[in-house]
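In what follows, every heavy atom counts, from backbone to side chain, and hydrogens, waters and symmetry copies are set aside. Every chain is numbered from 1 and lettered A, B, ... according to where its sequence line falls, protein lines coming before strand lines.
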Amino acid sequence: MPELPEVEVTRRGIAPALLGARVRSVRLGKPLRWPLGADPATLVGSRVGDVTRRGKYLWLPLDAAGGLLLHLGMSGSLALLQSAPPHGPHDHFDLTTDRGTLRLNDPRRFGAVVWAPAIDANPAATLLARLGAEPFDPALTPAGFHAALQLRRAPIKAVLLAGDVVVGAGNIYACEALFQAGIHPALRADRISRPRAERLLGALRATLARALDLGGSTLRDFTDVHGMSGAYQTSAAVYGREGQACPRCGGAVRRVVQGQRSTFFCPVCQRR
DNA sequence: AGTTAAACCTGGTTGC
DNA sequence: TGCAACCAGGTTTAAC
């Protein structure tokens with residue numbers, strides 16, 4: 001599921017409700033990507049601070065008890081439950097507080113909940129270290145973006161997905177941003193001109209902002225903390241629309257595989 | 001060093 | 001209907 005918009009929608013859903021909440025108990029289900037790395041009992045009694053986001057990770061500070069780094073993987077979602085119903089087969093983490101239970105549901109278990117003493121201490125620091133710029137950070141300028149792309153020979157689609165230049169775009173929004181920018185997904189990143197890099201950065205920001213407005217995309221699993229689906233997927237121009245008409249030129253949307261992932265694009269509107 | 005496959009899992013959809 | 005093959009919002013890890 002979750003690319004930056006979905007993670008941010010999730011963060012906005014839980015942050016105000018959990019700020020200052022007192023942890024009552026922690027329940028672990030099946031193993032996630034990594035072990036928690038702490039005795040759940042040591043978290044009990046701590047207070048939740050302000051939940052922040054870095055890339056597709058959420059950081060949930062627990063004052064004296066360090067904090068939790070959360071990732072939703074491919075199929076994860078968080079719910080905030082006032083009275084927690086019995087857990088289902090894919091509920092793998094419960095953080096019960098005096099303000100409700102934060103529950104992670106993740107069928108594929110690519111997600112993670114990892115404890116760290118601080119966000120800049122391991123293992124959180126290592127996981128966050130390789131992340132690129134936040135897409136809405138004003139410090140990320142067209143010139144800086146272009147300069148970073150000049151160092152990469154991989155296809156621009158792969159570079160966007162790698163997230164080490166700019167974070168936030170996953171498979172849906174990388175495809176959509178490239179369509180909006182009129183750039184062919186197989187174009188080498190270092191062959192993108194300065195004006196086109198500027199256009200791509202604008203397209204990426206616009207795509208992510210629009211998805212955020214629509215509550216993200218729900219292909220199958222994703223819901224916000226109240227169980228609501230996102231709506232972006234119905235307005236996608238190319239993603240998931242192989243063979244359908246390009247909304248700009250009417251030609252057929254194509255699907256190719258790049259780096260083991262499907263890429264959707266319009267061969268007419270998107271140029272090398 | 002930098003790019004590309006393999007791996008982690010489950011479940012829904014497609015095709016024979 | 002049954003079953004195999006393929007596909008899916010990600011990213012670390014190992015291998016060219």
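- An OP1 or OP2 oxygen of C:dC7 is reached within less than 4.0 angstrom by no side-chain nitrogen or oxygen of A:Arg261.
- B:dC9 sits 15 Å from C:dA14 when the P atoms are compared, rounded to a whole Å.
- When heavy atoms are screened at a 4.0 angstrom cut-off, A:Arg188 is found touching no nucleic acid atom at all.
- Between A:Glu6 atom CD and C:dT11 atom P there is a gap of 12 Å when expressed in whole angstrom units.
- Atom P of C:dC6 sits at a distance of 14 Å from the matching atom of B:dA6, rounded to the whole Å.
- Side-chain proximity of A:Tyr57 to the nucleotides B:dT4, C:dG10, C:dT12 is greatest for C:dT12.
- The CZ atom of A:Phe264 sits 10 Å away from the C1' atom of C:dA8 (whole-angstrom rounding).
- As rounded to whole Å, 14 Å separates atom C1' of C:dG10 from atom CG of A:Leu32.
- Residue A:Tyr232 is out of contact with every strand shown, counting any heavy-atom pair closer than 4.0 Å.
- Nearest heavy atom pair, residue A:Ala206 against residue A:Gln180, reads CB-NE2, 3.6 Å.
- There is no side-chain donor-acceptor pair under 3.5 Å between A:Arg24 and A:Thr101.
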Short heteroatom pairs, N/O only, protein and nucleotides 13-16 of chain C, under 3.5 Å:
none

Step by step, work out the salt bridge (charged side-chain N to carboxylate O under 4.0 Å, His left out) result for A:Arg103 and A:Asp94.
CA-CA 5 Å; A:Arg103 172 170 289 177; A:Asp94 275 4; 2.8 Å; yes

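- A pairwise comparison of heavy atoms in A:Leu18 and A:Thr97 identifies CD2-OG1, 4.1 Å as the closest pair.
- Here B:dT4 presents its C1' atom at 14 Å from NZ of A:Lys157, a figure rounded to the nearest Å.
- Checking side-chain atoms of A:Asn171 against main-chain N and O of A:Ser262 turns up a donor-acceptor pair under 3.5 Å.
- Side-chain contact between A:Leu160 and A:Tyr173: absent, with no pair of heavy atoms (C-beta onward) separated by less than 4.5 Å.
- Look at NZ on A:Lys30: it is 6 Å from P on B:dT10, rounded to the nearest Å.
- Across the protein-nucleic acid pair, A:Leu127 atom CG and C:dG10 atom C1' stand 13 Å apart, rounded to whole Å.
- Residue A:Tyr239 places none of its side-chain N or O atoms closer than 4.0 Å to OP1 or OP2 of C:dA8.
- Look at A:His90 and you'll find a side-chain N or O under 4.0 angstrom from OP1 or OP2 of B:dG11.
- Of the charged side-chain nitrogens involved, at least one lies within less than 4.0 Å of a carboxylate oxygen, so that A:Arg152 and A:Asp164 count as a salt-bridged pair.
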Begin from the C-alpha positions of A:Asn122 and A:Leu127 and carry the test side-chain contact (heavy atoms from CB on, under 4.5 Å) through to its verdict.
CA-CA 8 Å; A:Asn122 280 333; A:Leu127 292 171; over 6 Å; no

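- Phosphate contact (OP1/OP2 of C:dG10, side-chain N/O of A:His71, threshold under 4.0 Å): absent.
- Residues from residues 102-124 of chain A lying near DNA chain C, meaning a heavy-atom separation below 4.0 Å, are A:Arg108, A:Phe110 in numerical order.
- Residues A:Asp63 and A:Ser46 bring no donor and acceptor atom of their side chains to less than 3.5 Å of each other.
- A close approach under 4.0 Å does occur between a side-chain nitrogen or oxygen of A:Ser262 and OP1 or OP2 of C:dA8.
- For the residue pair A:Ser217 and A:Tyr239, no side-chain donor N or O sits within less than 3.5 Å of a side-chain acceptor on the partner.
- If you take CD of A:Gln258 and P of C:dT11, they are 17 Å apart, rounded to a whole angstrom.
- Looking at which nucleotide of DNA chain B each of A:Arg153 and A:Gln260 is closest to, the 5′-most match is held by A:Arg153.
- A donor-acceptor pair is defined here as one N or O able to donate and one able to accept, closer than 3.5 Å; no such pair exists between the side chain of A:Glu134 and the backbone of A:Val167.
- In DNA chain B, runs of at least 3 consecutive Watson-Crick or G-U pairs, each pair with both distances below 3.5 Å, span B:2-8 with C:10-16, B:10-16 with C:2-8.
- Using modelled atom types and a 3.5 Å distance limit, the side chains of A:His87 and A:Arg27 yield a donor-acceptor pair.
- Taking atom CG of residue A:Asp164 and atom C1' of nucleotide B:dG2, one finds them 10 Å apart after rounding to whole Å.
- Residue A:Arg152 is classed as a sugar-phosphate contact, given heavy-atom separations below 4.0 Å to backbone atoms only.
- Checked options A:Glu176, A:Arg254, A:Lys157; the residue passing with A:Phe265 is A:Arg254 (criterion: side chain to side chain contact (heavy atoms under 4.5 Å, CB included)).
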